[in-house]
Each structure stands twice: as C-alpha cells, then as structure tokens.
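I have placed the structure first, in the form of structure tokens, so that the comments after it can refer back to it.
Naming: A, B, ... by sequence-line order, numbering from 1 per chain.
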Amino acid sequence: MPTDNQPKSPSPAPPTTSGAAPAPAGTDFIRQIVAADLASDLAAGRPPRTIVTRFPPEPNGYLHIGHAKAICLNFTVAAENGGRCHLRMDDTNPSKEDVEYVDSITQDVRWLGFDWGEHFYHAADYFERLYLFAEELIANGKAFVCDLDAEQMREYRGTLTQPGRESPWRGRSVQENLDLFRRMRAGEFAGGARTLRARIDMASPNIVMRDPVIYRIQHSSHHRSGDKWCIYPMYDFAHCLSDAIEGITHSLCTLEFVPNRALYDWVLDQVDLSALPSRPRQIEFARLNLTNTVMSKRTLRLLVEEGRVSGWDDPRMPTICGMRRRGYTPASIRAFCESIGIARSDNLVQFAQLEFCVRDDLNRSAPRVMGVLRPLKVVIENYPEGRVEHLDAVNNPEDPGAGTRKVPFSRELYIEREDFQEDPPKKFFRLAPGREVRLRYGYFITCTGVVKNDAGEITELRCTYDPATTGGNAPDGRKVKATLHWVSAAHALSAEVRLYNQLFTRENPARVEEGGSVFDCLNPNSLELNTETKLEPSLASAAPGQTFQFERMGYFTVDPDSRAGALVLNRTATLKDEWANVLRRGGAG
RNA sequence: UGGGGAGUGGCCAAAUUGGUAAGGCACCUGACUCUGGAUCAGGGAAUUGGAGGUUCGAGUCCUCCCUCCCCAGCCA
C-alpha cells in the first residue's frame, strides 16, 4: 500500500445478499466482479476467499505509465479487499531478459508506493513444477512432441480463415512423447529442433487453440536459473499455472490476451489443481494510451538504442524512471491512474489529464522560488547603487507551515523578457512603457525607458520604483494589474534548464501511415536547452530530485546531472496559463 | 475474410441491470487574488456508432448494418 498521500478509495460495501447482489456503484467492472465473488462465498456459507492479485512484468524492459495503471489496479484492488498482490517476474524467455530489468522494475514499483511484502516471485522458480505439469499433460494424452520446424509449423497452422492441419507427429504414443520430452530437457537436441505442443484442435477458429507450443528448446542461460534448463515454457502454459501455484484469485491483464483466455482455462482444466490454493480467473481490461507518446516497449527501446533520447530515464520518456527524473511524484501518478478509470474500451487519454494530476500534487507541496528563464535587465534608476535589501518571501502559500525566506533586491534586476512589451496588446497587463507593475515581494516599479541595441532589440529597461511600496504593498491602496517575478542580477545563480515538450507531434503516434515509421512524427523540439536562466540564490543548496515551483513559470526538478555550482533543472510541467489561452484564441489584439 | 473485444459531450468514464444520460479532465464566464497559479461560483457542449423492432418507457432487450481494436512468434 502506498503510504504517502494515498488517494482514498472507498472500500466496496460489504456484500450482504446473494451472489447476484448489485455491485457497489461508482466502481469499475473488475471491482464489481471481485465484490460479487466475495458475496457468492458468503451466500454459499463459505468464508470469503482472500483476494490475491499479481503484477507480472517480463524483465525485458523498463516500466512505463501504462504499467503503472496495471500496478495501481492490482495492488489497490487487493488492498481494498484485505488481500495481497504479488510481484512476479514473468521470466520464461532467457534470450530477452536480464537482471538489469528486474532491478529497475522492483525499484519502480516500490517508488510508486506499493509493497509486495515477501511475495516476490519468479516464474523461473516454478520451472520444475511446470515441467511436471507438462509431463502430466503428456501422460493424459494432451500434449505431444512435435518435430516440425518454425516455418513448417506456420504452414500447418492455417490462416485466419482456413483451419490448420494436424502435425504428422501428433499421433506419437505417450511413451514416446515422454521419452522425447525428457531428452529435450536433457539437452539432446538443438535449439528449435523440437517443441512440446498442446493437443487441442487445429481447426479451432481461435488460432491460439491450434495445438499451441508450450515448451521450446533454447540453449541459452537464464538470468535466474542459469544453465539448469535448456527447455523453457511458453507464456500461455507458464502464466496460468504460475497464477494457480501462487493462489492468485483474479488474474488481471490487458485486452490483447482475450483470445488467450481459452487456453489459460484449457491448461488449468487439464491438470490436477487439487493441491493448489486457487483456480485463478483471467479478467482483461483496456491498456492505457496517452496522447503524443508511445507505450510499446519495442518503440521505447528503439528511441533509446537509436539515441533519439538520452536513455530509458530521459525525462521525455513515459517510463516510470523518466517521469521520476522529470519530477512527477508517485502520488501524482497514482492519482492519474485512479482518475482514468478501468474499462474495456480502447482509449487515448489526453496528456492534459496527467499534467493536471502533477500540478494538483505539486501545487500543494512544491516550495515557491523565483527564476527567470529569459532574462531582461532592469535598472531601477532611483534605487541607490550598491544597496541590497533582503525581502521576505513566502515559501508556499498553500502551506503556511513552509515559512518564509529572504530574497535579495538591488538596483539591477532581471525580469522575464515576455513580461514586457513595448506596444502591449489589449489584454496584456504586464510591464510596458509608462506602466506600473509590482515586483513580487519587492516594490512597484514604473517603466521609464527602453534601451535597444543596433539591431533594434531591447537590451535593457529603465524603471523607477516607489519606496513606499516596500514588500509589494501600496499604502495608498492603489492597485496594479500584474505582479512579476524577478531576480537580483548581482545575486543571481546561473542554471541550465531543460524545457520538455511532447516527444511526438501527432496525438496517436502508434498509428503509423503506410510505409511510414513512428519516428516520422518525432518532435524535433521536444527538448529545448536553456542556459540563460537566472535563479534566486536560495536555490544554491538544491539537491537532485527536489522540485520547486518557479513562480508563474512552472514546476522544475533538479536533475542528477547537476554539480556544485552548476545546477541543471528539468521542467516538470508548466503552470496553467490563462494568458497563453488568450494568445491561442488570438484575443490579445 | 474466421474468431474475439469495443463504440456514451473534445478526452476519460458512470448509470442501482428497462424508469427518463453522474463525475473528472479540457474549454468558456464571473468572483477573489502580491503567481494571468491556487481557490470559489456558474456555463456551453450527448438525438448514448446507425437503422429498425419490443415496451407505457430502451444507453440498457431483439434484428440488421457501420466503424475501430486484438489473434496466423518456438515473444509476453
């Protein structure tokens, strides 16, 4: 269970009536099924079963936000019902898996705020038992050793519209199958030379049921079992049995496994489960898709391998480690996963939904600070040269307990370039010639002059301040339309800031055009490097991982690339920006 | 094309199993504000993919049609 800021979800009402009792309202179909199962136990006079779920990643890549949806679902459904959730490495294919990934996976799940207790498992640890189940299938005449090679097998499988043909090896005797299978295990045959197949129905309209391979020979060493095995079970065989072995009650997976459910149930029907704690049930839900990004592990891997991003933890990546580096909090990711719901229809969630969740969380927790991304020098002509004041600034208006800090003010400052316009449009209430604005926690200033270079670019503003408005308060109660953030030029810290934009320009990059590539819509401007940022001096001691709100600019998180005196910050998210909406609507003129 | 899954405001997503379309995000308006942030109040937006049918009554049931997604790895 998450321990920090955990979004409280109401526990389903205790089931009181028969198995047909209405499920609690306002909850997704999976929670309704779980509630109904519990209700049916009660109705039958049994003690209600312990709900056991599992998150079963294959350690062949890094976890992403789509996995977070599954992780939140599995762990919270279990927790809401007083059950438990296992973390299981689905590591049945040694050629693609690595410990590097199991380490990152456990780290990410823990970081998200979930605890699997002692229930950390590996499918590889079940290889011996799985092998025995396979022999049981053979003994029951439900599996056979097949000598067809991969290409032949494809031909025999048939097509979507044509039934397959039975393998010539389908009729081998139990004895021969057992002997061959044992010799497969013993390493007598080359990789790919033979397979163990379930004997089901080559004419099934469900292709998954056309005598699927359940064991293959692969002479490669496994990250966990080493060289102990040279035959490895396939997903469809290993997964359902692993679930049964662990006592999983509800095996939640994504929609693409719907056709596999027939095989999941078939395998469980063929073996003696009586010594096992449960007969698990597979339930599918729709995977998460997010606008302007991709969730496919293959594509994410290509982004990394082709150097289009800096690594799996590039802050533009939808990976958990990328989002962590970007500055997303575990609570914000959990809140997001809760907000999108669980259903069976394909979906494409807008990135704005995720951004809302980070802002919502960071607004409450992030210390405020002033940072100028595109500095424009301001000289306050009537402010004494050499004078420095240390003004009080509130650390977090959402959290009075966060206290205040001192910010130096002096004659020469930087303000944001975009906060000044020489010829301001109608709805622009920031600084302009002759106009008065407030410098946050500082003074009211009035622009009295504009200095330009030979190219006609504004290089400096001349202003005057009203000494009576110290701290930003006007004793005469006069109002000002805008409050600007600023930084004292002499005291400013320089920093590198990485401004991130969408990785892909199209809403759904996964939908590739004929003959095209996902990378056709890669956003060339997804990373904007800014080296001119000036920060208030309080940031000097900021440590990697810390997130701040730069007032009026957004949330920024200190990157691990930072070194003493050389801060690097990632923009986690911008603030909601009314002015940007005005500009977008073209209503500023 | 065989099998399977799914279509509810721009995006997610509910709907007590037939009783008259929640909520969130986004958007817009106003209030407030030393962040054009936050907060508060309000608003627009859906003939529930389409056409028929059953019914006093249909998002929910029936029929037909359309669209999208998944399956032809010795991947998961």
Counting only side-chain N and O atoms of A/Asn581, is one of them less than 4.0 Å from OP1 or OP2 of B/rC27?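 A/Asn581 to B/rC27 OP1/OP2: side-chain N or O found under 4.0 Å.
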When you measure from the side-chain N and O atoms of A/Ser345 to the phosphate of B/rA13, is any distance below 4.0 Å, counting only OP1 and OP2? yes
Side-chain atoms of A/Thr483 come closest, of B/rA13, B/rU29, B/rU35, to B/rU35
Closest to side chain of A/Gln353, choosing from B/rC28, B/rG36, B/rC11: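 Taking heavy atoms from C-beta onward, the closest nucleotide is B/rC11.
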Enumerate the residues from residues 392-406 of chain A whose closest heavy atom to RNA chain B is under 4.0 Å, giving them by residue number; use none for an empty result. A/Pro397, A/Glu398
Looking at A/His485 and A/Gly371, what are the two nearest heavy atoms and their distance?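 Answer, listing the atom of A/His485 first, then A/Gly371: CD2-O, 3.1 Å.
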On a heavy-atom basis, which atom in A/Ala366 and which in A/Arg368 lie closest, and how many Å separate them? O-NE, 3.1 Å
Per-nucleotide protein contact string for nucleotides 67-76 of chain B (B base, S sugar-phosphate only, - none; heavy atom under 4.0 Å): -SSSBBSBSB
Base, sugar-phosphate alone, or nothing: which one does A/Glu551 contact when heavy atoms must sit under 4.0 Å apart? base
Would you call the rings of A/Phe55 and A/His67 parallel, tilted or perpendicular if under 30° counts as parallel and over 60° as perpendicular?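 Because their plane-to-plane angle is over 60°, the rings of A/Phe55 and A/His67 count as perpendicular.
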For A/Phe428 and A/Trp579, take the angle between the two ring planes, folded into 0 to 90°, and tell me which bin it lands in: parallel under 30, tilted 30 to 60, perpendicular over 60. perpendicular
Should the pair A/Arg216 and A/Tyr232 be classed as cation-pi, given the thresholds of under 6.0 Å to the six-membered ring centre and 45° from the axis?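 Pair A/Arg216/A/Tyr232 does not count as cation-pi.
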Mind checking whether A/Asp236 and A/Val267 have side chains closer than 4.5 Å, heavy atoms only?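 Sidechains of A/Val267 and A/Asp236: no contact.
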For the pair A/Asn60 (side chain) and A/Lys96 (backbone), establish whether a donor and an acceptor sit closer than 3.5 Å, ignoring hydrogens and angles. no
A/Arg405 (side chain) donor-acceptor with A/Val394 (main chain) under 3.5 angstrom: yes
Base B/rG36 to side chain A/Arg552, donor-acceptor N/O within 3.5 Å cut-off: no
Can you say whether a donor on the side chain of A/Gln350 sits under 3.5 Å from an acceptor on the base of B/rG10, or the other way round?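 Result: at least one qualifying N/O pair found.
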Within 90° of 0 counts as syn, otherwise anti: where does B/rG73 fall?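 Base orientation relative to the sugar is syn.
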Considering the options A/Arg261, A/Arg54, A/Arg281, which one meets the side-chain hydrogen bond (donor to acceptor under 3.5 Å, both in side chains) requirement together with A/Ser251?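 Testing each of A/Arg261, A/Arg54, A/Arg281 against A/Ser251, the sole residue satisfying side-chain hydrogen bond (donor to acceptor under 3.5 Å, both in side chains) is A/Arg54.
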